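Within every chain, numbering begins at 1; the chains are lettered A, B, ... in the order of the sequence lines, protein sequences first and strands thereafter. Quantities reported herein were computed from a predicted structural model and do not represent experimental measurements.
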Number of protein chains: 2
Amino acid sequence: MSAPYRQFCPVAKAMELLDERWTLLVVRELLSGGRHFNDLRRGLPRMSPSLLSRRLQQLTRAGVLERREEGGQVEYVLTPAGAELRPIVEAIGVWGTRWIGELGDADLDPKLLLWDMHRHVDHDALPPRRTVVGFRFPDADPRARDWWLVLHGGEADVCDDDPGHPVDVLVTAPLRRMVAVWMGDVSWSAALRSGDVRLEGPPELRRALPAWFTLSSFAAVPRPRPVAAQAP
Amino acid sequence: MSAPYRQFCPVAKAMELLDERWTLLVVRELLSGGRHFNDLRRGLPRMSPSLLSRRLQQLTRAGVLERREEGGQVEYVLTPAGAELRPIVEAIGVWGTRWIGELGDADLDPKLLLWDMHRHVDHDALPPRRTVVGFRFPDADPRARDWWLVLHGGEADVCDDDPGHPVDVLVTAPLRRMVAVWMGDVSWSAALRSGDVRLEGPPELRRALPAWFTLSSFAAVPRPRPVAAQAP
DNA sequence: CAGTATCCCTTATGATACTG
DNA sequence: CAGTATCATAAGGGATACTG
């Protein structure tokens with residue numbers, strides 16, 4: 001743990017914990033419903049397992065979460081103190097949505113995009129049978145170019161290998177564009193109209209697809225008005 | 001700057017900035033009204049000037065604050081993006097107030113206590129003449145044992161040397177106790193009744209003194225109920 | 001699945017001194 | 001007042017391999 005601030009101010013004391021790299025992202029994963037070690041890892045692919053392990057221990061010691069082992073199953077559960085971090089994480093996300101500028105290319109991780117999408121599937125909007133959505137990001141790294149989302153019976157599975165089932169709708173888009181749609185910076189309809197995002201498959205499925213996903217929780221955040229141009 | 005998270009998630013992007021040691025405390029100082037480099041330093045006594053300088057630059061680049069130089073006077077001012085960090089800093093302070101346990105001895109910095117108090121003087125409650133409040137923390141480091149607060153004409157000056165003026169009221173208390181009063185964990189009246197905090201001076205000033213200070217902004221935060229004891 | 005164990009290495013930070 | 005310059009250290013963190 002890094003050196004304490006030596007201030008009694010509760011902001012400083014809280015930041016001694018929350019300051020540390022990855023910590024609040026681990027909390028974000030837990031707030032999003034991650035419960036198992038490898039769940040969490042999927043949302044934090046660039047975090048080493050040893051560091052995740054350490055963070056989980058620190059958060060446990062801090063009283064933010066609890067490690068439960070029941071029948072060989074390990075579960076991490078937020079305590080009341082941990083649950084009260086939700087407004088903080090959300091406020092930070094809102095702030096980031098409003099004030100972080102352009103994303104860098106390195107920020108555009110298709111794995112995380114699919115992982116986030118799979119958590120926001122509106123299963124009630126889906127056809128009543130198994131549905132496979134393919135994603136192709138022509139500009140992405142070849143190894144992360146093709147993805148499949150298998151939607152069935154309230155489950156959503158992310159695959160980076162062909163799952164074998166036929167694809168019902170194929171979504172093709174530049175990665176940056178797809179992220180922009182996901183984050184609410186561009187609407188599905190605008191992205192489709194411009195031709196940046198293309199859908200292939202039966203017309204009724206193509207029409208329905210946008211409704212299968214509720215967007216990122218931050219998509220609806222109002223953006224700051226750009227500095228108003230002076231009226232002439 | 002430490003390595004980016006490589007996530008497009010706005011929480012991650014925001015934390016790339018806010019994550020870094022001291023950063024949010026610098027913002028806290030700005031939100032509390034600090035405007036000049038050395039103002040900020042007083043609220044961040046353990047931060048080296050070079051690091052403060054670097055943080056100010058990073059925050060400027062991030063669009064959180066603006067450096068203004070007018071007539072040789074340098075001023076740091078929060079931008080709209082910076083001002084929108086207020087709810088985050090406050091939420092973190094509230095969380096810290098509720099969930100951080102006992103403070104360590106190293107957290108009890110009399111300098112910061114006095115610095116915080118001087119910002120929360122209710123000048124309208126003061127006698128209409130210059131008032132000097134002395135503080136003595138018998139258990140503190142000898143060099144930080146005695147402090148003076150000179151209150152006059154809407155100004156409040158913190159001194160760690162005898163300012164020369166006669167002391168109107170002398171407050172003597174264990175440092176931890178005084179911090180507890182300040183943070184709202186113990187009321188003035190309880191602390192005085194128990195004898196932990198003692199006031200010396202004319203009775204009317206002793207009676208009036210608690211009203212001279214509005215407590216820390218977090219003093220009024222409701223504490224979580226302790227886990228209820230099981231009824232027998 | 002749920003983590004530990006290593007190991008190296010960058011780099012963030014603290015401390016101090018100094019300048020316009 | 002408002003910072004810069006310099007330096008040594010610790011250690012936080014990334015990568016990888018391995019275990020029950």
Which part of the nucleic acid, if any, lies within contact of A:E69, taking any heavy atom under 4.0 Å across all strands shown: a base, the sugar-phosphate backbone alone, or nothing?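 Result for A:E69 = nothing.
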Sugar-phosphate, base or nothing in reach of A:Q57, heavy atoms under 4.0 Å: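 Sugar-phosphate contact only.
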A:F137 six-ring face occupied by A:R177 cation (under 6.0 Å, within 45°):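 No cation-pi geometry.
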Could you tell me how far apart [X] ([atom1]) and [N] ([atom2]) are, to the nearest whole angstrom?
| X | N | atom1 | atom2 | result |
| --- | --- | --- | --- | --- |
| A:E75 | C:dC1 | CD | P | 15 Å |
| A:D39 | C:dG3 | CG | P | 12 Å |
| B:L56 | D:dA2 | CG | P | 11 Å |
| B:L52 | C:dA15 | CG | P | 15 Å |
| A:Q73 | C:dC1 | CD | C1' | 8 Å |
| A:L44 | C:dA2 | CG | P | 15 Å |
| B:E16 | D:dG13 | CD | C1' | 15 Å |
| B:L25 | C:dT13 | CG | P | 12 Å |

Report the C-alpha separation of A:T23 and A:R55 in whole Å, then their side-chain angles, then the decisive distance to 0.1 Å, and conclude whether the side chain to side chain donor-acceptor pair (under 3.5 Å) test is met. CA-CA 6 Å; A:T23 296; A:R55 288 289 182 270; 3.2 Å; yes
Closer than 3.5 angstrom, by distance alone: can the side chain of [X] be matched with the main-chain N or O of [Y] as a donor-acceptor pair?
| X | Y | result |
| --- | --- | --- |
| A:Y5 | A:E16 | no |
| B:D168 | B:V132 | yes |
| A:S32 | A:R28 | yes |

Does C:dT19 have a Watson-Crick or wobble partner in any strand here, with both distances under 3.5 angstrom, and which is it?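 Pairing partner: D:dA2.
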Return the pairing partner of C:dC9 with a 3.5 Å limit on both distances, Watson-Crick or G-U wobble; otherwise return none.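 For C:dC9, the partner nucleotide comes out as D:dG12, under the 3.5 Å rule.
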More 5' along DNA chain C: A:G72 or B:M47, using each one's nearest nucleotide?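 The answer here is A:G72.
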Sequence neighbours excluded, every pair satisfying salt bridge (charged side-chain N to carboxylate O under 4.0 Å, His left out) that has a member inside residues 79-94 of chain A: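 Every salt bridge (charged side-chain N to carboxylate O under 4.0 Å, His left out) pair that includes a residue of residues 79-94 of chain A, provided the two are not neighbours, is A:E84-B:R98, A:R86-A:E90.
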[X] side chain near [N] phosphate (N/O to OP1/OP2, under 4.0 Å):
| X | N | value |
| --- | --- | --- |
| B:H36 | D:dA2 | yes |
| B:W22 | C:dG14 | yes |
| B:Y76 | D:dG3 | yes |
| B:R67 | D:dA2 | no |

Where the side chain of B:L51 is concerned, which of C:dG3, D:dA2, C:dT13 is the nearest nucleotide?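 Nearest listed nucleotide: C:dT13.
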Between protein and nucleotides 15-20 of chain D, map the contacts as a letter string: B base, S sugar-phosphate only, - none, heavy atoms under 4.0 Å, written 5' to 3'. BB----
Other residues, nucleotides and ligands only: do more than 12 of their heavy atoms fall within 6.0 Å of NE2 on A:H152?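 Atom NE2 in A:H152 is not packed in, count stays at 12 or less.
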With a 4.5 Å cut-off on side-chain heavy atoms, are A:L113 and A:L175 touching?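 Side chain of A:L175 against side chain of A:L113, heavy atoms only: contact under 4.5 Å found.
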Please write out each protein N/O paired with an N/O of nucleotides 9-12 of chain D under 3.5 Å, distance rounded to 0.1 Å.
residue, atom, partner, partner atom, Å
D:dG12, OP1, A:M1, O, 3.1
D:dG12, OP2, A:M1, N, 3.4

From B:D157 CG over to B:W148 CH2, what is the distance, rounded to the nearest 0.5 angstrom?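 Interatomic distance, B:D157 CG to B:W148 CH2, rounded to 0.5 Å: 14.0 Å.
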To the nearest 0.5 angstrom, please state how far the CG atom of B:L103 sits from the CG atom of B:D109.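 CG of B:D109 is found 12.0 Å from CG of B:L103.
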